[in-house]
Amino acid sequence: MRIGILSFAHLHAEAYLGALQTMSDVEVIGLADENVERGRHFAGQFGVRQFADYNALLSERPDAVIITSENARHLPLVRMAADAGAAILCEKPLATTLDDARAIVEVCHAAGVSLMTAFPMRFSTPAVEIKKLIDGGGLGHIYGCNATNQGSLPEFHQSEHLPFLKRDWFTDPLLAGGGAVADHVVHLADLLRWYLASEISEVYAVTNQILHKGKVQVETGGLIMLSFANGTFASIDCSWSKPAYYPTWGGLALELVAEKGLATMDAYRQVMTVYSDRVGRPQYAYWGSDANAGMLRDFIAAVNDKRAPAVSGEDGLRAVEVVLAAYESARTGQPVSLG
Amino acid sequence: MFKVGILGAGSMGMTHATGWAQTPAHFVGVHALDAERAAAMVAQHGGHTYDSLDALLADVDLIDICTPTHLHHEMVLQAAAAGKHIICEKPLALNAAQGAEMIDACRRAGITLLVAHVVRFFPEYAGAQAIVSRGDIGDVAVIRLTRCSYQPRLAADNWFLDPAKSGGMMLDLMIHDFDYARWIAGEVESVYARSVRGRQPNAPEDYGIAILRHTSGAISNVEGGWAYPPPMFRTALEIAGSAGLIEHPAGSSMPLSLHLKATAGGDVDAVGIPGSPLDESPYTTEIKHFYEVIAHGVTPRVSAEDGLAALRIALAARQSAQTGRAVRIEEV
């Protein structure tokens with residue numbers, strides 16, 4: 001399996017490349033990045049080839065590519081990769097507009113290439129335990145879900161302060177498609193669609209810009225309520241509410257209140273707290289399984305076995321619909337119907 | 001001698017009686033429908049049982065109303081007419097018009113009406129409010145509050161489960177956190193909520209989530225439920241601000257963890273009440289404060305108007321859960 005990486009705009013590219021390098025059946029042919037300096041940095045860090053541009057990488061006919069460009073710049077790369085016949089793992093959110101998200105799904109379908117949306121939470125081992133519990137009937141009807149996918153301001157994420165590593169597009173309304181809502185609603189929206197095997201029928205959202213006020217032009221706080229066709233409701237807190245000195249980047253957790261009781265899941269609870277003079281503040285050291293690796297293994301197996309990946313492009317499209325409905329609801333002050 | 005009487009001998013009446021014992025006030029007795037529980041209260045705290053509210057009112061300076069919600073309106077009006085100060089359990093009333101009428105009657109009678117929003121006296125909640133008001137976390141942006149327990153299980157007349165008597169879970173339970181959210185982030189503009197009973201009034205149990213928009217721009221996520229397996233009771237609080245964050249997840253500060261074989265499957269209280277070992281019960285702190293307000297004119301931590309404002313948020317949440325629309329506070 002020969003895989004290339006298109007763009008390092010999204011910081012998840014680093015995590016994906018790191019995970020791919022641990023897999024014996026994968027050959028990373030290299031990366032291409034429109035930011036040549038950034039591409040050179042990561043090619044050096046991971047010891048992989050840097051291609052001059054995306055066409056140069058695709059002309060090597062990789063079996064698959066990972067697209068980790070800015071949210072609004074997925075579609076052109078998807079077109080190029082689909083033309084080259086490569087299977088595609090596309091970073092979430094799939095797109096910043098419905099037209100782009102639909103086009104991404106259609107382009108891949110027309111070219112007959114496999115498209116997976118990068119929703120690694122479906123491969124988080126704690127999250128999978130909850131799926132098994134639900135499918136086994138252990139909870140009965142789920143009344144509601146109280147969920148959080150909070151984080152720190154994305155600009156706090158970088159570990160090195162090189163100017164070309166500043167991923168400030170995360171707070172650019174056009175490139176990211178918005179702020180905290182675009183960044184953090186899709187994971188839980190997708191996870192809950194999977195858990196409940198039911199579609200989202202209505203979305204309500206409120207947002208504000210009190211956190212990091214004046215630093216960014218997008219919403220930094222958000223609460224979203226999803227109503228599912230089966231009657232379950234779920235609230236999602238997507239706020240960038242974790243301070244820069246918080247012990248970790250953020251987290252994803254949920255409580256399910258159901259006919260048969262309560263289940264809680266904290267996907268990033270498998271940590272120890274480290275107090276180091278070198279850092280000067282408590283930090284969480286995560287020791288749980290790598291959900292990204294699980295997602296990549298499924299992507300690769302799906303390509304090898306010529307089957308559909310566990311998460312589809314349509315799943316990505318559904319999540320984009322939720323994000324756009326949330327923005328509309330925040331504008332109008334009333335819930336927005338889907339479908 | 002400042003004389004106090006209690007109306008009702010349910011779990012709140014009993015709890016308040018314990019609080020009054022810690023004040024200089026003289027507890028004269030109780031009027032309650034349940035004669036056995038009323039007798040138990042006076043056996044423990046002195047005073048005697050009264051056959052009628054009028055008889056009790058004749059003997060007191062202050063009446064502490066711990067009856068089911070649907071009785072608050074009439075009893076407050078009766079006590080106000082008698083010129084007695086009043087402590088009324090939350091929620092103040094079943095609807096905003098009644099609440100406003102009660103406040104107005106007390107104002108005209110020149111007596112003080114206080115509403116027992118006890119959460120403001122729990123040390124972790126009061127502590128977080130103090131941190132916020134000191135400015136330590138900057139401007140409040142996002143509040144998350146949780147209060148979930150099992151369905152109240154009174155042996156007879158389980159009025160909690162009758163919306164005509166309690167107003168339902170949002171008015172009885174979630175109102176605690178509606179009041180708290182408003183204490184932290186100020187007035188609420190609009191509410192959107194979902195709940196099990198909002199769309200299915202006859203569902204066997206209730207659980208809900210409300211999203212509040214405050215005038216300040218802050219937003220609050222309030223979760224409440226009577227759907228946990230007994231004896232589970234969880235509360236949680238989180239306040240994110242422009243300059244910091246307060247986190248207090250459910251169960252995170254429990255100083256004790258007991259797993260005793262003898263208690264497995266043991267008795268469960270009729271109504272879940274959260275608790276942590278403290279020198280003084282928050283209910284006692286509340287009663288002592290209310291005594292200071294009425295006997296010595298101290299400014300109340302929570303006013304009757306606060307009680308009415310919390311009621312309106314709860315009514316808006318309940319209406320939203322029923323209609324599926326976001327509800328502006330002035331609509332209720």
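Chain identifiers are assigned alphabetically (A, B, ...) following the order of the sequence lines, protein sequences preceding nucleic acid strands; residue numbering begins at 1 within each chain.
Chain A forms more heavy-atom pairs under 4.5 Å with one residue of V142(B), I209(B), L245(B) than with any other, namely I209(B). Ranked by heavy-atom pairs shorter than 4.5 Å toward chain A, the options R144(B), E238(B), R199(B) are led by R144(B). Contact tally against chain A (heavy-atom pairs below 4.5 Å) for Y150(B), Y192(B), Y228(B): the top residue is Y192(B).
Nearest approach of T207(A) to I219(B), heavy atoms of both residues: CA-CD1, 4.5 Å. Across W226(B) and D172(B), no two heavy atoms sit closer than the pair CZ2-OD2, 3.6 Å. Residues R153(B) and P230(B) approach most closely at NH2-CG, 3.2 Å, considering heavy atoms.
Only the side chain of R213(B) has a heavy atom closer than 4.5 Å to any heavy atom of chain A. Residue S320(B) does not touch chain A at all, counting heavy-atom pairs closer than 4.5 Å. In this structure, chain B has no heavy atom under 4.5 Å from any part of T220(A). Residue contact with chain A, scored on non-hydrogen atoms closer than 4.5 Å, involves the backbone and the side chain of Y207(B) alike. Contact annotation for E202(A): only side-chain heavy atoms (C-beta onward) come within less than 4.5 Å of a heavy atom of chain B. Interface remark: A203(B) contributes no atoms to any contact with chain A (heavy atom separation under 4.5 Å). When heavy atoms are compared at a cutoff of 4.5 Å, R328(B) does not approach chain A at all. In this structure, no portion of Q200(B) lies under 4.5 Å from any heavy atom of chain A. Interface remark: S235(A) contributes backbone and side-chain atoms alike to the contact with chain B (heavy atom separation under 4.5 Å).
Using a 4.0 Å cut-off between charged side-chain N and carboxylate O, K166(A) and D168(A) make no salt bridge.
Taking the side chain as every heavy atom from C-beta outward, V332(B) and Q319(B) approach each other to under 4.5 Å.
For the pair R318(B) and F178(B), the NZ or CZ position fails the cation-pi test of under 6.0 Å to the six-membered ring centre and within 45 degrees of the ring normal.
Checked against the 6.0 Å centroid threshold, F233(A) and F228(A) do not count as a close aromatic pair. The ring of W249(A) has its center closer than 6.0 angstrom to the ring center of Y268(A).
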